[in-house]
Enquirer: 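Quick one: this structure, given as structure tokens, is what I'll be asking you about.
The analysis underlying the following values was restricted to heavy atoms, covering all of them including side chains, and did not include hydrogens, waters or symmetry mates.
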Amino acid sequence: MLKKIAVKQLRLGMHLHKLEGAWIAHPFWKTKFVVDSSADLERLHACGVDECWIDTALGLDVAAPVADADPAPAAAAVQTPAPPLAPPPRAGDGDRSMAAELKQAAAICSKGRKAVNAMFSEARMGRTVDAEQCLPLVEEISGSVQRNPGALVSLARLKSKDDYSYMHSVATCALMVALGRQLKLDEDGCRAAGLAGLLHDIGKAVMPLDVLNKPGKLTEDEFTVIRTHPEEGHRMLLGGQGVADSTLEVVLHHHERMDGTGYPHRLAADQIAPFARMGAICDVYDAITSNRPYKAGWDPAQSIARMASWKGHFDPVMFAAFVQSLGIYPTGSLVRLASGKLAVVAEQNPQNLVSPVVVVFFSTKSQLHITPVRLDLSKGNTIERIVAREEGAAAQFPHLDELWADPDTLRRMKA
């Protein structure tokens, strides 16, 4: 039986059915689980949500006597806010540390930028795009994501305003591969998703450059022109080799929305192919976190929170998987800790999305920079925890990227 109680009444052995409020606002990516950990119980009591629902058929009731020892965990499915998904792969599954993979990922990003630049140039001259020529690059990107899911995905977000069109394709490719792995696609499926991400914006190659790179808001007429890029890209790829239907779907429909308000065909829900739904999420995330000619990118964690609030935009199951693949506080996010110190997220702990590895660098109490300290929030020897995203403050700290990716890696990426 479901029962609504105060969060402060939660105790070990209760089955949490739901926390009241938006899921992105509380520190748990899962819901519907037995509270069998003292650490989880402490975070629940401190999460800032006042009320919750428990299921007394699957766990203890408020009136049940307190046992001397922690009750054994009940067999309950760990779920995201959408239907259940398998736990994300560990960063170490590919036998490569974040620091080591960042160096190789930087080289792949540099190579990818040049390859996509060349591909766009060929397309502008009216030459047929050969998707098969992109496969070696997709293979390299897929390999990097396999070795360490967070490295290339995080680096590819860093791009100059001039590089946006090319690096956006590389970033979307990496995000698609990472999301494909989270959705348990096989290797061929992940590579197909990556290729679709790499080519999704090829139609922009034939858009007027003064409109594409305009450092300001587009007029209605200019936006009408830009909205033709999915159909232009689809037309360009129809005549090429090695283009799967899944790639064509992403190119044509990555701007469709689940509620039917997207373009070019105003498709809704199941009318949108699965790969196109994946592409919609990956395309938007990279777009809003990147510096553009007309605006600075949003903080990664802020972007996840805003995307979660856009009802009707994204497939909820795929978006939940996307959050798991990146983390609630993606690498590079600026966060405030319980002590009042600021930190930048440096690496994910896939089994504990609210407790990543961070680099602490600033005290809000003294308003002074402190010697950077790397801290794994998932370890039991620290009392620090993330209490908030530090929205709107990233511009005050232009060196944030050098705290999670060393300067040499950043130079490699631009080479």
Enquirer: Step by step, work out the salt bridge (Lys or Arg N to Asp or Glu O under 4.0 Å) result for R266 and E256.
Expert: CA-CA 6 Å; R266 299 181 69 84; E256 301 288 358; over 6 Å; no
Enquirer: Is the side chain of R257 donor-acceptor paired with the backbone N or O of K311 at a distance under 3.5 Å, no angle test?
Expert: no
Enquirer: Side chains of V359 and V373: does their closest heavy-atom pair fall under 4.5 Å?
Expert: no
Enquirer: Got a second to check how far C52's SG is from I5's CD1, nearest 0.5 Å?
Expert: 4.5 Å
Enquirer: Flag yes if more than 12 heavy atoms outside K379 fall under 6.0 Å of its NZ atom; otherwise flag no.
Expert: no
Enquirer: Tell me, do P372 and V360 make a side-chain contact under 4.5 Å, heavy atoms counted?
Expert: no
Enquirer: On a heavy-atom basis, which atom in P230 and which in I226 lie closest, and how many Å separate them?
Expert: CD-O, 4.3 Å
Enquirer: With no hydrogens and no angle check, is any side-chain donor or acceptor of E384 less than 3.5 Å from a backbone partner on S339?
Expert: yes
Enquirer: Specify the closest pair of heavy atoms between D286 and A171, including all atoms of both residues, with the distance to one decimal.
Expert: OD1-CB, 3.2 Å
Enquirer: Compare all side-chain heavy atoms of W53 with those of K3 and state whether any distance is below 4.5 angstrom.
Expert: no
Enquirer: Quick one: does any side-chain atom of T247 pair with a main-chain N or O of V243 as donor and acceptor, under 3.5 Å?
Expert: no
Enquirer: Checking side-chain hydrogen bond (donor to acceptor under 3.5 Å, both in side chains) for the pair T331/E347: CA distance, chi angles, key distance, verdict?
Expert: CA-CA 6 Å; T331 299; E347 191 171 353; over 6 Å; no
Enquirer: Short question: side chain of T364, backbone of G340 - any donor-acceptor pair under 3.5 Å?
Expert: yes
Enquirer: Has N291 got a side-chain atom pairing as donor or acceptor with A296's backbone, closer than 3.5 angstrom?
Expert: no
Enquirer: Quick one, L377 with V357, criterion side-chain contact (heavy atoms from CB on, under 4.5 Å). Give me CA distance, side-chain angles, the key distance, then yes/no.
Expert: CA-CA 6 Å; L377 298 180; V357 177; over 6 Å; no
Enquirer: Keeping to residues at least two apart or across chains, list the salt bridge (Lys or Arg N to Asp or Glu O under 4.0 Å) pairs with something in residues 192-212.
Expert: D201-K204
Enquirer: One pair to check against side-chain hydrogen bond (donor to acceptor under 3.5 Å, both in side chains): H17 and D55. What are the steps and the verdict?
Expert: CA-CA 6 Å; H17 179 79; D55 190 336; 4.8 Å; no
Enquirer: Quick one: does Y329's side chain get under 4.5 Å of R389's, heavy atoms only?
Expert: yes
Enquirer: Would you say the side-chain atoms of E222 pair up with the backbone N or O of T219, donor to acceptor, closer than 3.5 Å?
Expert: yes
Enquirer: side-chain contact (heavy atoms from CB on, under 4.5 Å), that's the test. Do M307 and W310 meet it? Break it down for me.
Expert: CA-CA 5 Å; M307 289 173 71; W310 295 342; 3.9 Å; yes
Enquirer: Looking only at side-chain N and O atoms, does T261 offer a donor or acceptor that is under 3.5 Å from a partner on D259?
Expert: yes
Enquirer: Assess the side chains of S144 and Q104: does a donor N or O sit below 3.5 Å from an acceptor N or O?
Expert: no
Enquirer: Would you name the heavy atoms of H253 and P264 that are closest together and state the gap between them?
Expert: CD2-CD, 4.3 Å
Enquirer: Can you measure from NE2 (H254) to CD1 (I281) and round to the nearest 0.5 angstrom?
Expert: 13.5 Å
Enquirer: Check for a donor-acceptor pair, side chain of T172 on one end and backbone N or O of S169 on the other, with a separation under 3.5 Å.
Expert: no
Enquirer: What are the two closest non-hydrogen atoms of G233 and I202, and how far apart are they?
Expert: CA-CG2, 3.8 Å
Enquirer: Determine whether the side chains of S290 and K159 contain a donor N or O and an acceptor N or O closer than 3.5 Å.
Expert: yes
Enquirer: Do the non-hydrogen side-chain atoms of L155 and L102 ever get within less than 4.5 Å of each other?
Expert: yes
Enquirer: Quick one: CD on E402 to CG on L410, what's the gap to the nearest 0.5 Å?
Expert: 6.0 Å
Enquirer: Could you tell me if the side chain of T382 sits less than 4.5 Å from the side chain of D376, heavy atoms only?
Expert: no
Enquirer: Taking N148 for its side chain and E101 for its backbone only, find out whether a donor-acceptor pair lies under 3.5 Å.
Expert: no
Enquirer: Between atom CG of L10 and atom CD of E42, what is the distance when rounded to the nearest 0.5 Å?
Expert: 13.5 Å
Enquirer: Does some side-chain heavy atom of C173 sit less than 4.5 Å from a side-chain heavy atom of L195?
Expert: no
Enquirer: Compute both the distance and the angle, then confirm whether R227 meets the cation-pi test with Y263: under 6.0 Å from the six-membered ring centre, within 45 degrees of the axis.
Expert: yes
Enquirer: Consider ring-ring contact (aromatic ring centres under 6.0 Å, His included). Of H200, H313, H229, H234, which one does H255 pass it with?
Expert: H229
Enquirer: Determine, stepwise, if the pair N349 / S378 fulfils side-chain hydrogen bond (donor to acceptor under 3.5 Å, both in side chains).
Expert: CA-CA 7 Å; N349 282 312; S378 71; 3.2 Å; yes
Enquirer: Does the S142 side chain pair with the main chain of E139, one donor and one acceptor, at a distance under 3.5 Å?
Expert: no
Enquirer: Rounded to the nearest 0.5 Å, how far apart are CZ of R411 and OG of S110?
Expert: 14.0 Å
Enquirer: Check the pair D406 / T409 against side-chain hydrogen bond (donor to acceptor under 3.5 Å, both in side chains), numbers first and verdict last.
Expert: CA-CA 5 Å; D406 64 87; T409 296; 2.9 Å; yes
Enquirer: Take V34 and M14, measure what side-chain contact (heavy atoms from CB on, under 4.5 Å) needs, and give me the verdict at the end.
Expert: CA-CA 6 Å; V34 172; M14 287 184 171; over 6 Å; no
Enquirer: Exactly one of F362, W404, F397 should register a side-chain contact (heavy atoms from CB on, under 4.5 Å) with V344. Which one does?
Expert: W404
Enquirer: Taking all atoms of both residues into account, what is the closest heavy-atom pair of A205 and R124, and its distance?
Expert: O-CG, 2.8 Å
Enquirer: Quick check: do H168 and D283 have side-chain heavy atoms less than 4.5 Å from each other?
Expert: yes
Enquirer: Atom CG of residue position D270 - does it have more than 12 heavy atoms of other residues, nucleotides or ligands inside 6.0 Å?
Expert: no
Enquirer: Test of understanding: with ring-ring contact (aromatic ring centres under 6.0 Å, His included), list the residues that count as partners of F275, not counting sequence neighbours.
Expert: none
Enquirer: Within this structure, what is the OG1-CZ distance for the pair T289 and R157, rounded to the nearest 0.5 Å?
Expert: 5.5 Å
Enquirer: Can you tell me if E187 has over 12 outside heavy atoms packed within less than 6.0 Å of its CD?
Expert: no
Enquirer: Looking only at heavy atoms, what is the nearest atom pair of A123 and M236, with distance?
Expert: CB-CE, 3.4 Å
Enquirer: Kindly determine whether M119 and C134 satisfy side-chain contact (heavy atoms from CB on, under 4.5 Å), including the steps that lead there.
Expert: CA-CA 9 Å; M119 180 175 66; C134 300; 3.6 Å; yes
